[in-house]
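Working notes, structure below.
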Amino acid sequence: MSKLRLSLSCWNYDRVRALADGRVRPDGIDINFLDHPVEETFFRMLRYREFDAAELSLSSYCVTLARDPKPFVAIPVFPSRSFRHSCIFVSAASGIKDPRDLAGKRTAAPEYQLTAPVWSRGIVQDEYGIDLEKCEYWTGGQEDPGREEKQKLDLPPQYTQHAIPRDKTLSQMLSTGELDVLHSPRMPSTLHSQPAKVKRLFENYVEIERAYYQKTRHFPIMHTIAIRREVYEKNRWIAMELYKAFAEAQRICYEEMFETAALRNMLPWMIAEIEWLKREMGDDWWPYGYAPNRHVLDTFLRYHHEQGLSKRRIQPEELFVPETMEAFKI
């Protein structure tokens with residue numbers, strides 16, 4: 001019997017690898033897995049809808065929900081999560097020494113709508129009282145000149161967005177002091193090439209991020225899995241089959257990571273780290289599904305709305321197809 005052939009673009013994460021290499025096969029689906037870095041996948045999916053399903057920025061997906069018709073649906077699989085205190089970088093020329101010094105500064109991000117900056121801006125607002133409306137926002141290529149927003153934004157006037165000169169990069173402008181702050185999921189190259197000029201805001205970010213988790217129980221979600229709406233509407237059953245396949249690939253990853261007979265990776269104290277994670281965050285510290293992530297999603301959606309990226313306050317239950325919101329019972 002023939003299977004439905006679907007293209008899936010996603011980075012080859014450890015939690016996805018069993019799906020990528022064929023050890024996990026979703027029922028009824030023949031997956032053509034395309035291993036692309038996230039920037040390429042996002043660009044091609046948002047601009048040209050090239051894939052049947054793809055890893056997608058959570059923020060970018062939320063921006064698409066304001067369109068008519070909405071181009072994508074999503075399933076509650078989160079291939080990327082990351083604490084984001086570590087992704088705030090400051091220019092030494094800015095005089096910023098404390099998070100509260102961020103107020104009113106020239107604040108940059110590769111794209112205003114990227115998920116990581118939505119989280120880090122929201123965190124400094126909630127945790128340190130920064131009035132985001134009083135900052136000045138700049139966007140552009142971090143390492144390559146000429147980057148633009150992948151989606152056109154209609155921001156409220158209090159969030160004026162400026163493009164940096166097309167022959168400059170955020171990384172360079174941070175080192176020269178032309179910009180004060182950079183919120184970015186990638187480390188700027190000048191953090192290491194010019195360490196006297198560019199620094200992390202939180203040098204002890206691991207300690208701070210662990211305290212943040214203990215306080216909020218938030219492990220920030222970065223990406224979800226989106227399906228082109230017309231593909232989903234033709235075969236609605238694929239949403240749950242893909243969800244189950246991603247969950248099984250993640251289960252295999254959990255099992256392989258905790259193998260002690262011989263280390264499967266090059267991190268010598270990985271087992272100790274996993275033991276800490278299990279104590280502090282539980283056996284399933286990277287949960288998929290709607291229910292265990294509702295509180296994290298709700299906070300993100302509040303940030304998204306407060307920062308002008310969504311016109312109304314999207315509710316967490318609006319994000320995912322109904323087939324993945326409940327399961328049968330025996």
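With a 6.0 Å radius and a threshold of 12 heavy atoms from other residues, nucleotides or ligands, R294 has its CZ atom above the threshold. R17 CZ: more than 12 foreign heavy atoms inside a 6.0 Å radius. Atom CG of D98 has more than 12 heavy atoms from other residues, nucleotides or ligands within 6.0 Å.
A salt bridge links R313 with D298: the closest approach of a Lys/Arg side-chain nitrogen to an acidic carboxylate oxygen falls below 4.0 angstrom. Ion pair R302/E306 flagged as a salt bridge, since at least one NZ, NE, NH1 or NH2 atom sits closer than 4.0 Å to an Asp/Glu carboxylate oxygen. Salt bridge annotation for R264-E259: absent, with no cationic side-chain nitrogen under 4.0 angstrom from a carboxylate oxygen. With respect to D52 and R5, no salt bridge is recorded, no charged nitrogen being found less than 4.0 Å from a carboxylate O. The pair K152-E111 does not count as a salt bridge, with every side-chain nitrogen at least 4.0 angstrom from each carboxylate oxygen. Between E39 and R147 there is no salt bridge, since no side-chain N of the basic residue sits under 4.0 Å from a carboxylate O of the acidic one. The pair E233-R229 meets the salt-bridge criterion, with a side-chain N (NZ, NE, NH1 or NH2) lying under 4.0 Å from an Asp/Glu carboxylate O. Using a cut-off of 4.0 Å between Lys/Arg side-chain N and Asp/Glu carboxylate O, E323 and R236 are scored as salt-bridged. Look at E203 and R200 and you find no salt bridge, because none of the NZ, NE, NH1 or NH2 atoms lies under 4.0 Å from a carboxylate O. Using a cut-off of 4.0 Å between Lys/Arg side-chain N and Asp/Glu carboxylate O, R15 and E248 are scored as not salt-bridged.
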Full working for salt bridge (charged side-chain N to carboxylate O under 4.0 Å, His left out) between E148 and R166: CA-CA 10 Å; E148 299 177 352; R166 294 188 65 84; 3.2 Å; yes

Test side-chain contact (heavy atoms from CB on, under 4.5 Å) applied to L34 and T41, step by step: CA-CA 9 Å; L34 302 164; T41 291; over 6 Å; no

Test log, rule salt bridge (charged side-chain N to carboxylate O under 4.0 Å, His left out), inputs K278 and E275: CA-CA 5 Å; K278 286 174 174 286; E275 289 172 341; over 6 Å; no

Side chain to side chain donor-acceptor pair (under 3.5 Å) between Q307 and R121, worked out: CA-CA 9 Å; Q307 295 174 33; R121 290 190 300 254; 2.8 Å; yes

Intermediate values then yes/no, side chain to side chain donor-acceptor pair (under 3.5 Å), S189 and E143: CA-CA 7 Å; S189 59; E143 305 296 338; 2.7 Å; yes

Salt bridge (charged side-chain N to carboxylate O under 4.0 Å, His left out) assessment of K3 paired with D27: CA-CA 8 Å; K3 294 185 176 183; D27 287 346; over 6 Å; no

Test side-chain contact (heavy atoms from CB on, under 4.5 Å) applied to Y205 and F83, step by step: CA-CA 9 Å; Y205 62 87; F83 293 101; over 6 Å; no

Trace of the ring pair (Phe, Tyr, Trp, His ring centres under 6.0 Å) decision for Y61 with F72: CA-CA 8 Å; Y61 172 62; F72 307 115; 7.2 Å; no

Worked verdict on V231 versus K234 for side-chain contact (heavy atoms from CB on, under 4.5 Å): CA-CA 5 Å; V231 174; K234 288 179 182 177; over 6 Å; no

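Nearest heavy-atom pair, C135 versus I130, reported as atom, atom and distance to 0.1 Å: SG-CG2, 4.3 Å. Of all non-hydrogen atoms in I314 and L65, the two that sit nearest each other are CD1-CD1, 4.2 Å. Of all heavy-atom pairs spanning L114 and P185, the tightest one is CD1-CD, 4.3 Å. Nearest heavy atoms, F89 versus S184: CE1-O, 3.7 Å.
For N235 (side chain) and W237 (main-chain N/O), no donor-acceptor pair under 3.5 Å exists by modelled atom type. In this structure a side-chain-to-backbone donor-acceptor pair under 3.5 Å is missing from S175 to T190. Listed for the R210 side chain is no donor-acceptor partner under 3.5 Å among the backbone atoms of E207. One N or O on the side chain of T169 and one on the backbone of Q172 form a donor-acceptor pair closer than 3.5 Å.
Less than 6.0 angstrom separates the ring centroid of F51 from the ring centroid of H36.
Inter-residue side-chain proximity for L319 and C62 is flagged as met; some heavy-atom pair is nearer than 4.5 Å. Considering only heavy atoms from C-beta on, D126 stays 4.5 Å or farther from I123 through its side chain. Between V63 and S310 the shortest side-chain heavy-atom distance does not fall below 4.5 Å. Taking 4.5 Å as the limit, every side-chain heavy atom of N32 sits out of range of all side-chain heavy atoms of L8. Contact check for F42 versus S60: no side-chain heavy atoms found under the 4.5 Å cut-off. Under the 4.5 Å side-chain criterion, counting only non-hydrogen atoms from C-beta, T107 is not in contact with E136. Inter-residue side-chain proximity for W138 and V181 is flagged as unmet; no heavy-atom pair is nearer than 4.5 Å. Contact annotation: the side chain of L102 never approaches that of D180 to less than 4.5 Å [non-hydrogen atoms, C-beta and beyond].
Test K197, R106, K168 against E178 for salt bridge (charged side-chain N to carboxylate O under 4.0 Å, His left out) and you get one pass: K168.
With sequence neighbours excluded, no residue satisfies side chain to side chain contact (heavy atoms under 4.5 Å, CB included) with E326. For F43, there are no ring pair (Phe, Tyr, Trp, His ring centres under 6.0 Å) partners, not counting sequence neighbours. With sequence neighbours excluded, the residues forming a side chain to side chain contact (heavy atoms under 4.5 Å, CB included) with S91 are A93, S94, L174, listed by chain and number.
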Compile the donor-acceptor pairs under 3.5 Å between side chains in residues 281-288 and protein atoms, sequence neighbours left out, one pair per line.
{"residue": "D284", "atom": "OD1", "partner": "Y254", "partner atom": "OH", "Å": "2.6"}
{"residue": "W286", "atom": "NE1", "partner": "F78", "partner atom": "O", "Å": "2.8"}

Let me check something: any side-chain donor-acceptor pairs from residues 215-226 under 3.5 Å, sequence neighbours excluded? List them with distances.
{"residue": "K215", "atom": "NZ", "partner": "E127", "partner atom": "OE1", "Å": "3.1"}
{"residue": "T216", "atom": "OG1", "partner": "Y212", "partner atom": "O", "Å": "2.8"}
{"residue": "T216", "atom": "OG1", "partner": "H218", "partner atom": "N", "Å": "3.1"}
{"residue": "R217", "atom": "NH1", "partner": "Q214", "partner atom": "OE1", "Å": "3.2"}
{"residue": "R217", "atom": "NH2", "partner": "E280", "partner atom": "O", "Å": "3.4"}
{"residue": "H218", "atom": "NE2", "partner": "T299", "partner atom": "OG1", "Å": "3.2"}
{"residue": "H223", "atom": "ND1", "partner": "E55", "partner atom": "OE2", "Å": "2.6"}
{"residue": "T224", "atom": "OG1", "partner": "I75", "partner atom": "O", "Å": "2.9"}
{"residue": "T224", "atom": "OG1", "partner": "V77", "partner atom": "O", "Å": "3.3"}

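To the nearest 0.5 Å, the span separating OG1 on T115 from CZ on R81 amounts to 12.5 Å. Here OG of S57 is found 7.5 Å from CG of L46. Values are rounded to the nearest 0.5 Å.
Relative ring orientation between F202 and H85 is described as perpendicular, the plane-to-plane angle rising above 60° on a 0-90° scale split at 30° and 60°. Ring pair Y13/W11 is perpendicular by interplanar angle, where above 60° counts as perpendicular and below 30° as parallel.
Pairs passing the salt bridge (Lys or Arg N to Asp or Glu O under 4.0 Å) check and including a residue from residues 59-76, sequence neighbours excluded, do not occur.
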